[in-house]
Amino acid sequence: MVARELLGKRLVRVFDGQRAAGIIIESEAYDGEQDQACHARSGKTARNAAMYGEAGRAYVYFTYGIHWMLNCVSGEDGYPAAVLIRAIYPAERFNLIRENREGVERKSWCDGPAKLTKALPITGEFNGIDLCDPNSPLFIEEGILFEDEEVQTTPRIGIQNTPEPWLSQPWRFIAHSSQVNGDLL
DNA sequence: TCTTCGATTGTCT
DNA sequence: GACAATCGAAGAA
């Protein structure tokens, strides 16, 4: 439910006192220790501790030796669940995003979970931060609404060695909408 | 447009 | 010591 509802919300990064932002257009849900694709599948560790915290906080982790990933924690306090932010549509401060994604064409600026963290930029220092607080250097605010007809669901991707039924759960959400398909300003 | 493959390091077993 | 919720370059179609 949270993964669906985050589509259309505005992800805001305050950097050097100025806002940079994008509309969330792709997300994936990870739900509890029983979910064999979730980082919490083997229980609580130092790395995934933020997932066990209260909803609305950030869970930021490093992977493949190169990439930072941003999640929004969901579920009851103490229950490990989070939504991976997989893609955003650049909406504010293109110059910063362009600088951070130098050499990449604009349609590929933020169309992947590690791309958007490089573009804004977001690193592990934001792990545990309150995404509901407009005073945070990174937060989420209201944006636009996508109709269900504009939203595609698919199984999650990039999850290796995950058994059924977790492999096939339709917990990935993608917005296909004229509201965000046009050329960037 | 699609497929293959190397990069690179924190975290867990 | 193995591996990862990925990216981007390179080569093929």
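Proteins come first, then strands; the chains are lettered A, B, ... in the order of their sequence lines, and each starts at number 1. The structure presented is a predicted model; accordingly, all values stated were derived computationally and were not measured.
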Ignoring backbone atoms, establish whether A:R86 has a side-chain N or O less than 4.0 Å from OP1 or OP2 of C:dT6. yes
Carefully, step by step, assess A:D31 and A:Y79 under the rule side-chain hydrogen bond (donor to acceptor under 3.5 Å, both in side chains). CA-CA 9 Å; A:D31 182 30; A:Y79 180 90; 2.8 Å; yes
Which class fits the ring pair A:W109 and A:F94: parallel under 30°, tilted 30 to 60°, perpendicular over 60°? tilted
OP1 or OP2 of C:dG8 versus the side-chain N and O atoms of A:R101: is any pair under 4.0 Å? yes
Within this structure, what is the CD1-to-C1' distance between A:I66 and C:dC3, rounded to whole angstrom? 13 Å
Which part of the nucleic acid does A:R156 contact within heavy-atom distance under 4.0 Å: base, sugar-phosphate only, or nothing? nothing
Stacking check: are the rings of A:Y30 and C:dA5 less than 5.5 Å apart at their centres and under 30 degrees in tilt? yes
Please figure out whether A:G103 or A:I159 has its closest DNA chain C nucleotide nearer the 5' end. A:I159
Would the base of B:dA7 count as contacting A:Y64 through its side chain, where contact means a donor and an acceptor less than 3.5 Å apart? no
Any luck finding a side-chain donor-acceptor pair between A:D77 and A:Y52 under 3.5 Å? no
Can you see whether A:H176 engages A:Q152 through a side-chain donor-acceptor pair at a distance of less than 3.5 angstrom? yes
Distance check needed: C:dC3 C1' versus A:H39 NE2, whole Å only. 11 Å
Under 4.0 angstrom, heavy atoms only, what part of the nucleic acid is A:S42 near: base, sugar-phosphate, or nothing? sugar-phosphate
N/O donor-acceptor pair under 3.5 Å between A:N48 side chain and A:G43 backbone: yes
Can you tell me how far P of C:dC3 sits from CZ of A:F62, to the nearest Å? 19 Å
How close or far is atom C1' of C:dA5 from atom CG of A:L167, stated in whole angstroms? 13 Å
I want to verify a distance call: between C:dG8, B:dA7, B:dC12, whose nearest atom is closest to the A:V104 side chain? C:dG8
OP1 or OP2 of B:dC12 under 4.0 Å from side-chain N/O of A:T45: yes
Counterpart base for C:dT6, defined by Watson-Crick or G-U wobble contacts under 3.5 Å: B:dA7
Quick note, A:R41 side chain, CB onward, closest among B:dA7, B:dT13, C:dA5 is C:dA5
Give a yes/no on whether any side-chain N or O of A:H67 is located under 4.0 angstrom from OP1 or OP2 of C:dC7. no
Let me know the distance between CD1 of A:I174 and C1' of C:dA5, rounded to the nearest Å. 14 Å
Under 4.0 Å, heavy atoms only, any strand: does A:D111 hit a base, just the sugar-phosphate, or nothing? nothing
Rounded to whole Å, please give me the gap between CD in A:Q160 and C1' in C:dA2. 14 Å
At under 4.0 Å, does any side-chain N or O of A:N48 touch on OP1 or OP2 of B:dC12? no
Just how far, in rounded Å, is P of C:dA5 from CD of A:Q36? 12 Å
Between A:K115 and C:dG8, is there a side-chain N or O to OP1/OP2 distance below 4.0 Å? yes
A:A114 has its side chain closest, among C:dC7, C:dA5, B:dT13, to C:dC7
To the nearest angstrom, the CG-P distance between A:L70 and C:dC7 comes to 13 Å
Would you call the rings of A:W166 and A:W171 parallel, tilted or perpendicular if under 30° counts as parallel and over 60° as perpendicular? tilted
